[in-house]
Amino acid sequence: MTEQTTDVRAAMRTALRDAMKAKDKGATSALRSALGSIDNAEAVEVEATADTASENVAGAVSGVGTADVPRRELTADDVTGIVRSAVDERRANAADYDQLGQHDAAEAARYEATVLARFVDG
């Protein structure tokens with residue numbers, strides 16, 4: 001993980017902690033969702049393996065740590081892209097809510113987009 005990637009993630013985690021202390025539900029929701037998306041992007045694909053490791057448990061692998069694999073390394077551009085996508089999604093949702101006349105939901109989505117945009121636009 002690059003230093004810039006770590007900095008963005010650390011800044012988002014700090015902002016999440018501050019939002020939770022301030023009981024800011026919109027910011028908390030947006031930051032948790034974006035951080036979860038980043039964590040999910042680091043997950044590796046699961047490959048099917050032959051079931052020969054254990055005679056007692058299907059799919060078991062013998063030995064401590066034998067099933068562990070390193071997580072995917074994200075670049076700063078990857079993280080920025082994930083957060084930008086979250087911002088764009090919220091802005092699109094806000095427009096949809098406005099068309100449906102749900103102005104409170106639209107404002108909440110715009111607020112979440114603003115919270116996340118600080119980390120990619122600044």
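These values consider heavy atoms only, across backbone and side chains, with no hydrogens, waters or symmetry-generated copies.
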> Any side-chain donor paired with an acceptor under 3.5 Å for Thr75 and Asp78?
Replying inline: yes
> For the atom pair CE (Met12) and CZ (Arg118), what is the distance rounded to the nearest 0.5 Å?
Replying inline: 9.5 Å
>> How long is the straight-line distance from CG of Asn40 back to CZ of Arg72, given to the nearest 0.5 Å?
In response: 11.5 Å
>> Looking at every heavy atom in both Leu35 and Arg9, which two are closest together, and how far apart are they?
In response: CD2-CG, 4.0 Å
>> Test of understanding: clusters of I, L, V, M, F, W, Y form through side-chain heavy atoms closer than 4.5 Å, transitively. Do Tyr97 and Val87 belong to the same one?
In response: no
>> Are Thr14 and Arg17 packed together at the side-chain level, in the sense that at least one heavy-atom pair is separated by less than 4.5 angstrom?
In response: yes
>> Just verifying a value: how many Å separate Asp98 CG and Asn93 CG, rounded to the nearest 0.5 Å?
In response: 11.0 Å
> Which heavy atom in Val83 sits nearest to a heavy atom in Ile38, and how many Å separate them?
Replying inline: CG2-CD1, 4.1 Å
> Does the Arg91 side chain pair with the main chain of Ala113, one donor and one acceptor, at a distance under 3.5 Å?
Replying inline: no
> When rounded to the nearest 0.5 angstrom, what distance separates CE in Met20 from CZ in Arg32?
Replying inline: 4.5 Å
>> Does any part of the side chain of Arg13, heavy atoms only, come nearer than 4.5 Å to the side chain of Leu31, both counted from C-beta?
In response: no
>> Any side-chain to backbone donor/acceptor pair from Arg110 onto Ala106? Under 3.5 Å, distance only.
In response: yes
>> Tell me the closest heavy-atom pair linking Ala27 and Tyr111, and the distance in Å.
In response: N-CE2, 3.7 Å
> Which heavy atom of Ser29 sits nearest a heavy atom of Arg90, and at what distance?
Replying inline: O-NH2, 4.5 Å
>> In the structure I gave you, are the side-chain heavy atoms of Ile82 and Leu74 within less than 4.5 Å of one another anywhere?
In response: yes
>> Measuring from atom OG1 of Thr28 to atom NZ of Lys21, what distance do you get when rounded to the nearest 0.5 angstrom?
In response: 12.0 Å
> What are the two closest non-hydrogen atoms of Ala30 and Leu116, and how far apart are they?
Replying inline: O-CD2, 3.6 Å
